[in-house]
Asks: 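Could you have a look at this structure, given as structure tokens, before my questions?
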Amino acid sequence: MKILIPSLLSFLFVSTVAHSNNSQWVEWIIDAEASYALTNNLNYSAFDNDEREDYKFNITGVFGRFYQLNSQTRLHALVELNAQKYQDFDLLNSISTAADIGIRYKFGVGHNIPYLQLKMKYQSTSVESSRWDNDLLQTSIELGKHFSDSFSVAGNFEFNSKDGVPWTAIVPELSNQVFDQNYWRASIFADYIIEENWLVSLSYTRRDGDFASACTAENIEKVWLTEQVKAITSDDVFGGCIYRLDGTSNSYSSSLSFAVNNHSAIHLFYEINQGQAKTLRYQSTHLQLSYNYRY
Amino acid sequence: MKPFKLSIFLILTLYYCPSTYSIDLKIKVMDVNQQPVEYAVIYINEVAPKSEHKTVTVDQVDKEFIPYVTVVQRGSDITFPNNDNIRHQVYSFSPSKQFELPLYSGNAIRPVTFDNNGAVAMACNIHDWMKAYVYVVDTDKFVISNGEGEGVITDLTNGEYEVLLWHPKLKTSVEATAQQIVVNNKNQQLSFTVKQKKQLKAWRAPKSISRRSY
């Protein structure tokens, strides 16, 4: 039901504009990605002795359609399927399905004309450790521009509302819905083609709002004394408990891409994330190698 | 005159009469690093009567324009068939020729007439990386260099000519490439060394799914 409703909405939204004059389906979207990643401080702990790392294999498929309303306006509607498998922390293995619709408006015809894109995505994630299950509603706005054939910049703002499942209440006066989270992210991206078939991408993201962190029983008292915990429950993945705080983070990423051919590319991606709640600091890193295919 | 003597007379006439002798001009185009330059347009700077009408085509296959560079005489028509199973929208904002072919599949509604000299850069509004060029000249004597940087302009007659070069990445003006040749009864060779701008093709390969902008 959680996927059916957004899918139907997508279909209805698109079909209502299907009869516009001069509007046409342009082409199918068929994308696939396979990646292998190492995440340090996977549990986003504030304590060095609690940090855990793991390798993850991820596969994603995207299927949808472009719909060109006129020479400047394009709709897309797509579904996304994702599966993640961890090497050690099997309980974090997950499958997610998502529906995504968006409208993109170019302020004219031409390669270097700026565009504005509005998107809405509804994603349902089922994790092997059921207490981590969640539904996510994401809305975003992006403004971007090519400055030349080699260089482009985009700015993106997204708001995320995540709905988790209630689990065991371990502190009576506190919520047990750790994955009920609201947060926003503002990002800036820059892409630069350094040589034929080689692309460098840099990005910065500022995040503000709810986040989840896990720690063992040894450290929970330190959290209790220094932070305003909004929700807490027991954690069967890392042991101890998992709790929700309000905080901010800065993420810096870079990636190097190689175009294998017109339809596929390899990407090497590295991100460092530095977060802060009221007093505690969090840091994690993510290194990923992926292969992408587009029909 | 007896047939044998007539034949000798005709042979000697053909050999010594320059106006009936057709000559080739072989071209070689290299860059400053002595690498061959493909897609250079080399042409004689002259105004010639428009050649017999030929249909010139710029196709769209696998989301690319084929060929990348086309040369036509001023006043020629070009058709833009779309042999992909998806739609394209072709446009140009070049001062020499501005046009737009709205979204279509199969054959475009009409050919486009190129009635001004110079370079015309074309692109697809749907697929950002698709780009191609049409270069419009007055002469019917032109060639596009191949992957070895070579080409041949055929059917020249004796005389003095100015030869020009254009390339999508040419750093200098076309006039700065001018070379003079004198054609006198034998095939000629001409070399060009061109300075090119660093101009890379727009990214077409897929980005990571998290960074896709549809």
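Order of the sequence lines fixes the chain letters, A, B, ..., with proteins taken first and strands second; residue numbering starts at 1 for each chain. The model shown is predicted, which means the values in this text are computed figures rather than measured ones.
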Asks: Below 4.5 Å from any heavy atom of chain B, which atoms of A:His111 appear? Answer side chain, backbone, both or neither.
Replies: both
Asks: Mind checking which of residues 83-95 of chain B sit less than 4.5 Å from chain A, heavy atom to heavy atom?
Replies: B:Asn85, B:Ile86, B:Arg87, B:Gln89, B:Tyr91, B:Phe93
Asks: Taking atom types as modelled and ignoring hydrogens, do the side chains of B:Gln73 and B:Asp140 form a donor-acceptor contact shorter than 3.5 angstrom?
Replies: no
Asks: With a 4.5 angstrom heavy-atom cut-off, is it the side chain or the backbone of A:Ile29 that approaches chain B, or both, or neither?
Replies: side chain
Asks: Heavy-atom distances under 4.5 Å only: say whether A:Tyr192 touches chain B with side chain, backbone, both or neither.
Replies: neither
Asks: In terms of heavy-atom pairs under 4.5 Å, which option from B:Glu100, B:Glu64, B:Gln199, B:Lys198 contacts chain A the most?
Replies: B:Lys198
Asks: Quick check on A:Asp191 against chain B: is it the side chain, the backbone, both or neither that has a heavy atom closer than 4.5 Å?
Replies: side chain
Asks: Are A:Ser253 and A:Phe269 close enough that some pair of their side-chain heavy atoms sits under 4.5 Å apart?
Replies: yes
Asks: Kindly check if the number of other-residue, nucleotide or ligand heavy atoms within 6.0 Å of CD1 (A:Ile95) is above 12?
Replies: no
Asks: Between A:Phe151 and chain B, which part of the residue has a heavy atom less than 4.5 Å away: side chain, backbone, both or neither?
Replies: neither
Asks: Return the option, out of A:Trp28, A:Phe66, A:Phe189, with the maximum number of heavy-atom pairs under 4.5 Å with chain B.
Replies: A:Phe189
Asks: When only pairs under 4.5 Å are counted, which of A:Gln288, A:Gln72, A:Glu80, A:Arg104 shares the most heavy-atom pairs with chain B?
Replies: A:Arg104
Asks: Using a 4.5 angstrom heavy-atom cutoff, name the option from B:Pro102, B:Cys124, B:Pro206 with the most pairs to chain A.
Replies: B:Pro206
Asks: If you count the non-hydrogen atoms of other residues, nucleotides and ligands that lie under 6.0 Å from OH in A:Tyr291, is the total more than 12?
Replies: yes
Asks: Between B:Lys186 and B:Asp24 (salt bridge meaning N to carboxylate O under 4.0 Å), is one present in this structure?
Replies: no
Asks: Using 30° and 60° as the class limits, which term best fits the ring planes of B:Phe80 and B:Phe114: parallel, tilted or perpendicular?
Replies: tilted
Asks: Report, as yes or no, whether the 6.0 Å neighbourhood of atom NZ on A:Lys85 holds more than 12 heavy atoms from other residues, nucleotides or ligands.
Replies: yes
Asks: State whether A:Lys119 and A:Glu142 are salt-bridged, where the test is any N-O pair (Lys NZ or Arg NE/NH1/NH2 against Asp/Glu carboxylate O) under 4.0 Å.
Replies: no
Asks: So, applying side chain to side chain contact (heavy atoms under 4.5 Å, CB included) with B:Leu190, which one of B:Ile42, B:Leu165, B:Ile153, B:Ile181 is it?
Replies: B:Ile181
Asks: Within a radius of less than 6.0 Å around CD of B:Gln189, do more than 12 heavy atoms belonging to other residues, nucleotides or ligands occur?
Replies: no
Asks: Is it true that A:Tyr115 and A:Tyr105 have ring centroids separated by less than 6.0 Å?
Replies: no
Asks: By a 4.5 Å heavy-atom criterion (distance strictly below it), what part of A:Ala32 contacts chain B: side chain, backbone, both, or neither?
Replies: backbone
Asks: Non-hydrogen atoms of chain B under 4.5 Å away: do they reach the side chain of A:Glu33, the backbone, both or neither?
Replies: both
Asks: For the pair B:Asn185 and B:Asn158, evaluate side chain to side chain donor-acceptor pair (under 3.5 Å) and give the outcome as yes or no after the intermediate values.
Replies: CA-CA 6 Å; B:Asn185 292 329; B:Asn158 283 350; 2.6 Å; yes
Asks: Below 4.5 Å, heavy-atom pairs only: which of A:Ser257, A:Ser290, A:Ser264 has the largest tally toward chain B?
Replies: A:Ser264
